[in-house]
Participant: 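So that we are looking at the same thing, I have put the structure below in structure tokens.
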Amino acid sequence: MTVACEYRPGLEGVPATQSSISFVDGTHGILEYRGIGIEELAKKSNFLETAYLLIWGELPTKDELYEFEHEIRYHRRLKYRIRDMMKCFPESGHPMDALQACAAALGLFYSRRALDDPAYIRAAVVRLLAKIPTMVAAFQLMRKGNDPIQPRDDLDYSANFLYMLTEREPDPLAAKIFDTGLILHAEHTINASTFSAMVTASTLTDPYAVIASAVGTLAGPLHGGASEEVILMLEEIGSVENVRPFVESALENRSKIMGFGHRVYKVKDPRAIILQQLAEQLFEKFGRDDYYDIAVELEKVVQEKLGHKGIYPNVDFYSGLVYRKLGIPSDLFTPVFAISRVAGWLAHWKEQLNENRIFRPTQIYTGFRGATYVPIEQRRSVGDKELLATLVGDLKP
Ligand code: ACO
């Protein structure tokens with residue numbers, strides 16, 4: 001096969017699909033969902049309304065939203081067999097791995113695959129949006145040795161999640177800020193996890209496999225896992241005075257500073273701007289976080305050193321500080337990201353099904369051609385020989 005275009009590592013700038021779900025302008029720091037600016041949604045919408053907008057393409061009417069919220073409210077519970085399965089997970093396991101396993105397991109329980117049936121699509125959307133927060137909260141309680149808490153039907157989506165997680169009804173401002181955080185993380189064009197969801201969707205497998213593959217991809221430290229790493233990094237820096245030497249040493253060692261840089265944004269991520277404001281609102285009501293001053297100084301020094309390369313805070317930089325103030329443990333930051341991004345993944349799943357063609361890119365082959373098969377007794381591997389020699393001493397031929 002002839003290669004139609006140049007190879008771009010990481011597919012940078014290569015369009016993988018046509019989509020009407022979200023729009024990003026990385027030079028001017030613009031993000032829109034279905035044409036509506038993220039700032040406006042953060043101010044005026046709530047997460048489920050935004051999820052509806054992303055998945056069905058339009059803001060719901062009052063009745064449509066009521067029905068959607070109502071359906072989600074009554075599908076929040078987990079089957080006891082899923083809870084039993086979770087009891088067998090090791091407490092030391094990462095919550096993202098637990099979530100990926102649980103999302104995939106839903107396919108065992110709801111296995112009918114009818115991708116051309118709108119009722120099936122709707123049920124899958126409702127089930128995934130409803131149950132993923134319950135899974136995250138249940139794993140958190142179970143790993144502490146407690147029974148999971150049942151969802152409360154009288155609480156809204158975000159308040160209910162915080163209640164299931166912390167065993168306390170949350171302060172309304174905390175629930176509102178958490179909900180706004182979900183809006184901000186819900187969708188972001190063809191990032192790694194969304195692409196992963198689309199590739200999986202293109203095989204016409206079930207939606208639970210689609211979401212499970214996306215969860216696995218989001219977990220990586222170069223993607224959603226960065227928010228957890230940011231808090232670890234702030235912890236390691238420890239004080240405002242240590243910021244500059246930390247950055248200088250990172251740059252000298254060519255290591256990445258977590259929470260900075262983005263393939264698309266060459267200015268400060270618009271979501272980071274809003275998350276920083278949310279963090280400040282939380283600090284005003286519930287007291288300041290020591291790490292905040294370190295974070296602000298870090299942003300200043302990184303901008304000074306790397307601003308010319310377009311390296312600015314991304315969405316993961318301030319989200320951890322918001323979640324920390326809400327009492328969420330740092331290894332749940334990425335699962336919380338997943339709770340929100342399920343909306344975007346589902347929107348892309350649905351869009352992919354509308355005009356599906358299986359993803360099957362090509363490659364540029366760099367290996368041997370026409371090599372001969374060498375019998376095993378005649379093979380020599382310099383690397384293996386050296387390794388073995390260190391393990392067992394002199395090698396006999
Ligand atoms: N710290 C220091 N230098 C950086 C950083 C960073 N965080 N990010 C990019 N750079 C530098 C690179 O070293 C490189 O420099 P060079 O051209 O002199 O070699 C240049 O900027 C380009 O960086 P790439 O890694 O090639 O950019 P890419 O688009 O492939 O990667 C990514 C983007 C993965 C987000 C990168 O910026 C990164 O690793 N950041 C840290 C991890 C992170 O915060 N990830 C979350 C991203 S948001 C999300 O996924 C939800």
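In this chain, numbering begins with 1 at the start of the sequence shown. Hydrogens, waters and symmetry mates are skipped; everything else that's a heavy atom, side chains included, is used. Whatever order the structure lists them in is the order used to number ligands and atoms, beginning at 1. Every value quoted in this text rests on a predicted model; they were computed, and no experiment measured them.
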Participant: Give the numbers and elements of all ligand 1 atoms closer than 4.0 Å to a heavy atom of I311.
Facilitator: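 Near I311, meaning under 4.0 Å from one of its heavy atoms, ligand 1 has 8 (N), 9 (C), 10 (N), 11 (C), 21 (O).
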
Participant: When only distance counts, is F260 in polar contact with ligand 1, meaning an N/O pair under 3.5 Å?
Facilitator: yes

Participant: Look at the rings of F195 and F359 and say which category their plane angle falls in: under 30° parallel, 30 to 60° tilted, over 60° perpendicular.
Facilitator: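 F195 and F359: perpendicular rings.
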
Participant: Would you mind listing which atoms of ligand 1 come within a distance below 4.0 Å of any non-hydrogen atom of G259?
Facilitator: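 Under 4.0 Å from G259, ligand 1 has these atoms: 43 (C), 44 (O).
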
Participant: Which one of K309, R341, H188, M258 has a non-hydrogen atom at the shortest distance from atom 16 (P) of ligand 1?
Facilitator: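 Nearest heavy atom to atom 16 (P) of ligand 1 lies in K309.
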
Participant: Checking the N or O distance criterion of under 3.5 Å, is ligand 1 in contact with D316?
Facilitator: no

Participant: Nearest protein heavy atom to atom 47 (C) of ligand 1, by residue and atom, and its distance?
Facilitator: N314 ND2, 3.5 Å

Participant: Could any protein non-hydrogen atom be found less than 4.0 Å from atom 32 (C) of ligand 1?
Facilitator: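 It does not: no protein heavy atom is found less than 4.0 Å away from atom 32 (C) of ligand 1.
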
Participant: At a non-hydrogen distance cut-off of under 4.0 Å, which region of V230 contacts ligand 1 (side chain, backbone, both, or neither)?
Facilitator: neither

Participant: Would you say I257 has any N or O atom under 3.5 Å from an N or O of ligand 1, going by distance alone?
Facilitator: yes

Participant: Where on F317 is there a heavy atom closer than 4.0 Å to ligand 1, on the side chain, on the backbone, on both, or on neither?
Facilitator: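 Near ligand 1, F317 shows nothing, with every heavy atom at 4.0 Å or more.
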
Participant: At under 4.0 Å between heavy atoms, which part of N191 makes contact with ligand 1: side chain, backbone, both or neither?
Facilitator: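 N191 to ligand 1: no contact under 4.0 Å from either part.
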
Participant: I need the contact type for L222 against ligand 1. Using non-hydrogen atoms and a strict under-4.0 Å cut-off, is it side chain, backbone, both or neither?
Facilitator: both

Participant: Counting from 1, what ligand 1 atoms have a heavy atom of R254 closer than 4.0 Å?
Facilitator: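 With R254 as reference, the close atoms of ligand 1 come out as 19 (O).
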
Participant: Could you verify whether a donor N or O on one side chain and an acceptor N or O on the other, from R357 and S202, lie under 3.5 Å apart?
Facilitator: no

Participant: For R263, take its heavy atoms, then give the atoms of ligand 1 lying under 4.0 Å from any of them.
Facilitator: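 With R263 as reference, the close atoms of ligand 1 come out as 28 (P), 29 (O), 30 (O), 33 (C).
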
Participant: Can you find a side-chain donor-acceptor pair between H28 and D25 that sits under 3.5 Å?
Facilitator: yes

Participant: Please report which non-hydrogen protein atom sits nearest to atom 35 (C) of ligand 1, along with the residue it belongs to and the distance in Å to one decimal place.
Facilitator: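 Scanning the protein heavy atoms, the shortest distance from atom 35 (C) of ligand 1 goes to G261 O, 3.6 Å.
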
Participant: Return the residue, atom name and 0.1 Å-rounded distance of the protein heavy atom closest to atom 43 (C) of ligand 1.
Facilitator: A226 CB, 3.5 Å

Participant: Can R122 be said to sit on top of W56's aromatic six-ring, NZ or CZ under 6.0 Å from centre and within 45° of the ring axis?
Facilitator: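 Satisfied, under 6.0 Å and within 45°.
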
Participant: Hey, any chance V230 and Y312 share a hydrophobic cluster, counting ILVMFWY side chains that come within less than 4.5 Å of each other, even indirectly?
Facilitator: no

Participant: Under the 6.0 Å and 45° cation-pi test, does R83 pair with F89?
Facilitator: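 No, R83 does not lie over the aromatic ring of F89.
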
Participant: Looking at L306, which atoms of ligand 1 are within less than 4.0 Å of one of its heavy atoms?
Facilitator: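 The atoms of ligand 1 under 4.0 Å from a heavy atom of L306 are 2 (C), 3 (N).
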
Participant: Atoms of ligand 1 less than 4.0 Å from F337 heavy atoms?
Facilitator: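 Counting from 1, the qualifying ligand atoms are 51 (C).
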
Participant: What do the steps show when you test V296 against V240 for side-chain contact (heavy atoms from CB on, under 4.5 Å), and what is the final call?
Facilitator: CA-CA 9 Å; V296 171; V240 171; over 6 Å; no

Participant: Answer with side chain, backbone, both or neither: which part of V302 has a heavy atom less than 4.0 angstrom from an atom of ligand 1?
Facilitator: neither

Participant: Describe, in one word, how the ring planes of F68 and Y52 are oriented to each other, choosing from parallel (under 30°), tilted (30 to 60°) and perpendicular (over 60°).
Facilitator: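 Judged by the thresholds at 30° and 60°, the geometry between F68 and Y52 is perpendicular.
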
Participant: Check K87 with D84, please: is the shortest side-chain N to carboxylate O separation under 4.0 Å?
Facilitator: yes

Participant: Checking side-chain polar atoms at under 3.5 Å, does Y318 have a donor or acceptor matched by the opposite partner on E299?
Facilitator: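 Short answer, yes.
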
Participant: Can you sort out which atoms of ligand 1 are near H262, meaning under 4.0 Å from one of its heavy atoms?
Facilitator: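 Reading through ligand 1 atom by atom, the close ones are 37 (O), 48 (S).
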
Participant: Main chain of V315, side chain of D269: is a donor-acceptor contact present, judged purely on distance under 3.5 Å?
Facilitator: yes

Participant: What is the nearest protein non-hydrogen atom to atom 50 (O) of ligand 1, stated with its residue, atom name and distance?
Facilitator: H223 ND1, 2.8 Å

Participant: Is atom 27 (O) of ligand 1 in close reach of the protein, with a heavy atom under 4.0 Å away?
Facilitator: no

Participant: Less than 4.0 Å between atom 22 (C) of ligand 1 and some protein heavy atom, yes or no?
Facilitator: no

Participant: Between E12, K305, R271, K256, flag the one that comes closest to atom 12 (C) of ligand 1 by a heavy atom.
Facilitator: K256

Participant: Any atoms of ligand 1 less than 4.0 Å from a non-hydrogen atom of V315? List them with their elements.
Facilitator: 51 (C)

Participant: If I apply the N/O under 3.5 Å rule, does S255 come out as touching ligand 1?
Facilitator: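 No; the residue has no nitrogen or oxygen that sits under 3.5 Å from a nitrogen or oxygen of the ligand.
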
Participant: Is R127 positioned over the aromatic face of Y110, cation under 6.0 angstrom from the ring centre and no more than 45 degrees off axis?
Facilitator: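 Satisfied, under 6.0 Å and within 45°.
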
Participant: Under 4.5 Å between side-chain heavy atoms, counting indirect links through other Ile/Leu/Val/Met/Phe/Trp/Tyr residues: same cluster for L108 and L106 or not?
Facilitator: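 Result: yes, single cluster for both.
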
Participant: Are F333 and H185 an aromatic pair by the rule of ring centers under 6.0 Å?
Facilitator: no

Participant: Any salt bridge between K43 and E40, counting N to O under 4.0 Å?
Facilitator: no

